[in-house]
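Notes follow once the structure below has been shown.
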Amino acid sequence: MTAYLDHAATTPVLPAAARALADQLAAAGNPSSLHASGRAARRVVEESRERLAAVLGARPSEVVWTSGGTEADNLAVKGLAWARRAEDPRRDVVLVSAVEHHAVLDPAAWLGAHDGALVVHLPVDDEGTVRLDALADALDTYGPRVALVSVMLANNEVGTLQPVPDVVALAHARGVPVHSDAVQALGQVPVRFDALGVDALTVTSHKIGGPGGVGALVVGRSTALEPVLHGGGQERGVRSGTLDAALVRGFAVAADEAV
Ligand SMILES: Cc1ncc(COP(=O)(O)O)c(C=O)c1O
């Protein structure tokens, strides 16, 4: 038997999550359909939303299902940047820590290369902790131009925990929203949307013993967010696409077990 050790890359699916996933895979139904099978699938999606929200200290209506952490990060970075600039065209500056995962760094870089944004990478100290003085300086320097700040909760390479509540305090004092990627933190340290005070929070299933291909962006109802995917208008119009009831159920069960 081989020992699997790289839980930072992905995790084995927990038995309870695998059972929940398999049970649900046997049931057909599009959660957006109005007939009985659709309504049954919708019920599973909404119960899973309640379950994940409870684990994360969020309201069910704040959970937006995605295909994983990468999509949730893209939705947060691009969606916040676009919505903030729509409110005030001066907001063209995106502040991200220099040690973010590429799922944050690359959408920010894309905004810089294709969308006229100025991306500022916040430096970190010897232990990989974002320098709050540099954040304060950047917020002062760019003032009304700052669209958003994105600082992860736990680093995927060295494990550094970031002072996200301090980041939130600095950014919110200037009315700037904060996104945090909690992909590597969930199941390891407490991750509470309400306590952290962030405006958007990324989580993904396959790092906590759930199936791959599903994740979520937790985002406040009053937070303006431009969609990245357009289509059927699912997930309050922010993330179109047919939901997979089996995947979200497997994710919610895993989150319950892992946290
Ligand atoms: C910190 C961090 N963010 C985002 C991701 C991407 O998540 P996903 O694999 O669900 O797309 C990862 C995956 O390695 C990660 O470690």
Side-chain angles (χ1 to χ4, degrees), residues 17 20 31 42-80 83 101 103-104 148-154 161-169 171-172 176-211 214-229 234-241 243-245 247-259:
R42 165 65 58 186
R43 217 162 19 249
V44 169
V45 167
E46 296 313 321
E47 281 166 11
S48 303
R49 197 188 304 280
E50 282 167 24
R51 202 161 178 176
L52 184 67
V55 166
L56 295 174
R59 296 197 190 111
S61 62
E62 293 171 328
V63 172
V64 174
W65 301 115
T66 67
S67 63
T70 301
E71 189 194 327
D73 282 345
N74 271 262
L75 176 58
V77 173
K78 293 176 184 157
L80 283 172
H101 189 273
V104 166
L148 73 129
V149 177
S150 184
V151 174
M152 69 200 329
L153 216 50
L161 296 173
Q162 300 294 348
V164 171
D166 297 330
V167 170
V168 170
H172 281 187
V176 174
V178 177
H179 163 249
S180 188
D181 176 334
V183 161
Q184 293 286 350
L186 190 62
Q188 308 291 339
V189 293
V191 176
R192 302 282 301 178
F193 183 67
D194 48 5
L196 285 166
V198 294
D199 302 274
L201 185 82
T202 293
V203 289
T204 195
S205 162
H206 76 98
K207 307 279 190 191
I208 57 155
V214 62
L217 184 68
V218 184
V219 58
R221 292 286 313 194
S222 58
T223 303
L225 196 66
E226 207 44 56
V228 172
L229 298 181
Q234 290 92 342
E235 299 301 276
R236 67 200 223 213
V238 165
R239 196 277 186 176
S240 287
L243 291 171
D244 186 321
L247 288 181
V248 300
R249 184 173 169 199
F251 180 16
V253 168
D256 231 359
E257 293 246 329
V259 173

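Counting from 1, the numbers follow the sequence of the chain as shown. Treat the numbers as computed from the prediction; the structure is a model and nothing was measured.
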For Asn74, which residues count as a side chain to side chain donor-acceptor pair (under 3.5 Å) partner, sequence neighbours excluded? Lys78
Could I get the full list of side chain to side chain donor-acceptor pair (under 3.5 Å) partners for Thr223, not counting sequence neighbours?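 Applying side chain to side chain donor-acceptor pair (under 3.5 Å) to Thr223 gives none.
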Counting neighbours of CZ on Arg59 that are heavy atoms of other residues, nucleotides or ligands and sit closer than 6.0 Å, is the number greater than 12?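 For Arg59, atom CZ is not crowded (no more than 12 foreign heavy atoms under 6.0 Å).
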Where is the tightest heavy-atom contact between [X] and [Y], given as atom of each residue plus distance?
X      : Y      : value
Val77  : Val104 : CG2-CG1, 4.1 Å
Gly250 : Ala17  : O-CB, 3.6 Å
Ala83  : Ala224 : CB-O, 3.4 Å
Glu62  : Gly220 : OE2-CA, 4.0 Å
Val238 : Pro227 : O-CB, 3.4 Å
Leu217 : Ala72  : CD1-O, 3.7 Å

Contact between [X] and [Y] at the side-chain level, heavy atoms closer than 4.5 Å - yes or no?
X      : Y      : answer
Val259 : Leu186 : yes
Leu196 : Val168 : no
Leu80  : Leu225 : yes
Val45  : Trp65  : yes
Glu235 : Arg49  : yes
His179 : Val219 : no
Glu71  : Arg239 : yes

Yes or no on side chain to side chain contact (heavy atoms under 4.5 Å, CB included) for Asp181 and His101, after CA distance, side-chain angles and deciding distance? CA-CA 8 Å; Asp181 176 334; His101 189 273; 4.2 Å; yes
So, taking the atom named [atom1] in [X] and the one named [atom2] in [Y], what distance separates them when rounded to the nearest 0.5 Å?
X      : Y      : atom1 : atom2 : answer
Ser67  : Leu75  : OG    : CG    : 10.0 Å
Met152 : Leu161 : CE    : CG    : 10.5 Å
Thr66  : Phe251 : OG1   : CZ    : 7.5 Å
Arg249 : Arg43  : CZ    : CZ    : 12.0 Å

Quick one: does any side-chain atom of [X] pair with a main-chain N or O of [Y] as donor and acceptor, under 3.5 Å?
X      : Y      : result
Gln234 : Gly241 : yes
Arg51  : Ala255 : no
Thr202 : Ala182 : no
Ser205 : Pro211 : yes

Asp194 meets the salt bridge (Lys or Arg N to Asp or Glu O under 4.0 Å) criterion, sequence neighbours left out, with Arg192
